[in-house]
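Notes follow once the structure below has been shown.
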2 protein chains.
Amino acid sequence: MITIYDIAKKANVSAMTVSKVINHTGRISSATRERVQQVIDELGYIPNSNARSLVLQRTQMLSLLITDITNPFYTTLARGAEDAAHLRGYRLLFGNSDEDYKKEKDYVDAILSTRVDGVLFAPAGDRSLQHLKQLQERHIPFVFLDRTVPGITSDIIAGDSREGAIALIRYLVQLGHRRIALVNGSSEVSTARLREEGYIAGLRETGADINPELVLRTGYRDFSDEEGLDRLLSQPDQPTAIFAANNMLAIGVIRLLRKRGLRVPEDISVVCFDDLDLASAFDPFLTVAAQPAYEFGFQGVQMLIDRIEGKSPSEAQTVILPSELRIRASATAPREQK
Amino acid sequence: MITIYDIAKKANVSAMTVSKVINHTGRISSATRERVQQVIDELGYIPNSNARSLVLQRTQMLSLLITDITNPFYTTLARGAEDAAHLRGYRLLFGNSDEDYKKEKDYVDAILSTRVDGVLFAPAGDRSLQHLKQLQERHIPFVFLDRTVPGITSDIIAGDSREGAIALIRYLVQLGHRRIALVNGSSEVSTARLREEGYIAGLRETGADINPELVLRTGYRDFSDEEGLDRLLSQPDQPTAIFAANNMLAIGVIRLLRKRGLRVPEDISVVCFDDLDLASAFDPFLTVAAQPAYEFGFQGVQMLIDRIEGKSPSEAQTVILPSELRIRASATAPREQK
DNA sequence: ATGAAAGCGCTAACAC
DNA sequence: GTGTTAGCGCTTTCAT
């Protein structure tokens, strides 16, 4: 391993001088600068960032902790985060919690141990509270990604879950639906609560049916609650449309509907939050409230780095990004009206 | 920041003793062990891995360098890598080169500076050679992900691009196609060369038309070579099927075909390498040679860690994972025969 | 079974 | 402009 001393020796200067050349700090005569640089290039010296971090107490690393790397929303978000981090000279350490508190805890420990400079955090749910508190105790800044956790104040970059849900409901009602079911994520997740709020608000506003039996709460990933779905479908007044609280739920719902011989949208309409990116590019089928996932990541990293570098106001910032209704084929007027 | 000395002081032992307790090394009386552990828990002490890395010359970090995080193949691969790394106590540092040598170089520099213990590397192309050489000079082990680079020997986990391509061609010919176009990635990428080899071999074996004019070479991502596609389609003997060398190309091709009023598969069949995961789950449309992406990541990390920990034989290992033909709707018999 | 000393590779603070 | 000293938080080596 070649160190700063090797350079210093060969260039006949002190380690400090080399350090200054590398970091463009302090005053150096251009003669020595060039001589040192030459040796650096010649030996292909690359500074050890561990040593650097140790003294600087900064790692130039950010952690991105998400809940489902399989979900295009997070993939695209990661892409945005990656781009922004790269642009500003930070690297991304990557974690996938699977909405599992245990895995999340492991990652938080790793984060603490690595001394990353900040975290982009999509918490598994409200019980992530203790993990967040750990970060706060160590003064590690973090930005909430879409989901927040009651009891913790921090910077937030989020979509407008409530408004997005209302828009979706309005659209369905406008098509003629009055019995709209909700297949939601866990109530432990803030966005699930907000989407449910929006769902109710939308129903109320439009005068559509409000019926607690039409709400199914499950997890945001790996939808497989067949009994739950059957319960929804077997209500005396069967719903004519389903609002899935995210894209993965929508896929699960549609698959199970098809398995039951129900066609979408002929027999039942389906809409959801979050787009499917690739799948939609390929076959524009699902009607969705699309969120600007890339911007979540990109702007989230900007916020985080601004905070780290002391460029943010001291109060926590909140940025809300609107979603966009993308009307496609999976929702039409209900059959009775056709 | 709370250090090992804080623990030592409070538990009335030396720093060494604390270190031993943390790392379960050396001999410690269970009395002191417990006392020390208690203080650690009480203060919530978490070791600084930078300091640790500095002395140990190990970071317990792996770098995953891929070319397109938007592509479900890599997403799923990342998922597998992540799982394996987590299981074996390593963390993943994440890089996305966009098939861009400049970005790739930046990441390699970062890798070198971070002193990661090893790299999972999907090279942008043959000109990644110098980057790989840098890694070799510093004795940083790496595993090739699917793509290899001539002139470099290292562990490899790859799909069988040649055989997969042959299988796809056989299938098309069996359906009755004789004029099959290839939309390929750049010739600078090993898998593109192998898929083209397989394409030719398949055509030769089946006696189908071999015509250099039916081959279009472009990039693996963001397909937008409209003129190239038009050239293919305007051949005197228009192809009845297109083999896209990966999923992203297939999506691009299909979009452009539709834009030209050509229906898939009615007017022209399309098959490709790599599945679309979500899109396919949702709407099983594309006929593909699917690769076990998750296994690429999972086994790749295993190989890498085995190598790092000296558990691999000294010669470079190669693991070839077969692909699987998934017959769906995007390819049917050509129109003439219907 | 426990501890003292030295050093991993770097930079901040201060001389000169 | 340049060099010296000290120390970031940890572990290795070798005493005791």
Side-chain angles (χ1 to χ4, degrees), chain A residues 1-37 39-40 43-61 109-117 138-140, chain B residues 1-37 39-40 43-61 109-117 138-140:
Chain A
M1 196 77 308
I2 134 165
T3 77
I4 208 170
Y5 290 108
D6 300 325
I7 309 296
K9 193 170 168 192
K10 188 146 185 184
N12 205 29
V13 291
S14 76
M16 252 342 278
T17 305
V18 179
S19 175
K20 282 173 186 159
V21 170
I22 292 165
N23 300 299
H24 307 97
T25 73
R27 249 162 282 289
I28 300 273
S29 78
S30 54
T32 44
R33 175 190 308 293
E34 274 180 35
R35 186 154 39 91
V36 170
Q37 189 57 53
V39 178
I40 288 176
L43 269 54
Y45 166 70
I46 295 192
N48 182 328
S49 59
N50 285 116
R52 205 148 188 285
S53 297
L54 190 57
V55 18
L56 257 29
Q57 309 276 38
R58 282 193 293 109
T59 53
Q60 295 287 117
M61 277 200 224
D109 284 346
I111 282 167
L112 260 19
S113 168
T114 312
R115 290 354 188 214
V116 299
D117 296 337
R138 320 272 156 147
H139 309 289
I140 299 187
Chain B
M1 196 79 308
I2 134 164
T3 77
I4 207 169
Y5 289 108
D6 301 325
I7 308 297
K9 193 170 168 191
K10 187 148 186 180
N12 205 29
V13 292
S14 76
M16 254 339 283
T17 306
V18 179
S19 175
K20 282 173 187 159
V21 170
I22 292 166
N23 299 299
H24 308 95
T25 75
R27 249 161 283 288
I28 300 273
S29 77
S30 55
T32 47
R33 174 191 309 291
E34 273 180 35
R35 187 156 36 90
V36 169
Q37 189 58 55
V39 178
I40 288 176
L43 268 53
Y45 167 70
I46 295 191
N48 182 328
S49 60
N50 285 117
R52 204 148 190 284
S53 296
L54 189 57
V55 18
L56 258 29
Q57 309 276 37
R58 281 193 293 105
T59 53
Q60 295 288 114
M61 276 200 226
D109 284 346
I111 282 166
L112 259 19
S113 167
T114 312
R115 280 16 180 203
V116 299
D117 296 338
R138 320 272 156 146
H139 309 290
I140 300 187

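So you know, we letter chains A, B, ... as the sequences are listed, proteins then strands, and number each from 1.
Dashed line: the shortest gap from a side-chain N or O of B/Ser29 to OP1 or OP2 of C/dT2 is under 4.0 Å. Regarding contacts with the backbone of C/dT11, every side-chain N or O of A/Gln57 stays at 4.0 angstrom or more from both OP1 and OP2. Side-chain N/O atoms of B/Thr17 include none lying less than 4.0 angstrom from OP1 or OP2 on C/dT2. Close to C/dT11, at under 4.0 Å from its OP1 or OP2, lies a side-chain N or O of A/Arg52. At the phosphate of C/dG9, neither OP1 nor OP2 sits under 4.0 Å from any side-chain N or O atom of A/Thr3.
As a whole-Å value, the separation of A/Leu56 CG from C/dA12 C1' is 9 Å. Atom pair A/Asn48:CG and C/dG7:P shows a separation of 18 Å (rounding to whole Å applied). Between the C1' atom of C/dC10 and the CD1 atom of A/Ile7 lies a distance of 13 Å, rounded to the nearest Å. One interatomic measurement links the two molecules: CD1 of A/Ile40 to P of C/dC10, which rounds to 10 Å at whole-angstrom precision. To the nearest angstrom, P of C/dG9 lies 14 Å from CZ of B/Arg138.
When all heavy atoms of A/Ile22 and A/Tyr45 are compared, the pair lying nearest together is CD1-CE2, 3.4 Å.
In summary, contact between chain A and DNA chain D, defined as any nucleotide atom under 4.0 Å from a heavy atom of the protein, begins and ends at D/dG1 to D/dG9 in the 5' to 3' direction.
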Detail all sub-3.5 Å separations between protein N/O atoms and N/O atoms belonging to nucleotides 13-16 of chain C.
none

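Residue-level contact check: B/Thr32 touches the backbone only, with heavy atoms under 4.0 Å from sugar-phosphate atoms and none from bases. At the heavy-atom level, A/Asn23 lies under 4.0 Å from the strands shown only through sugar-phosphate atoms.
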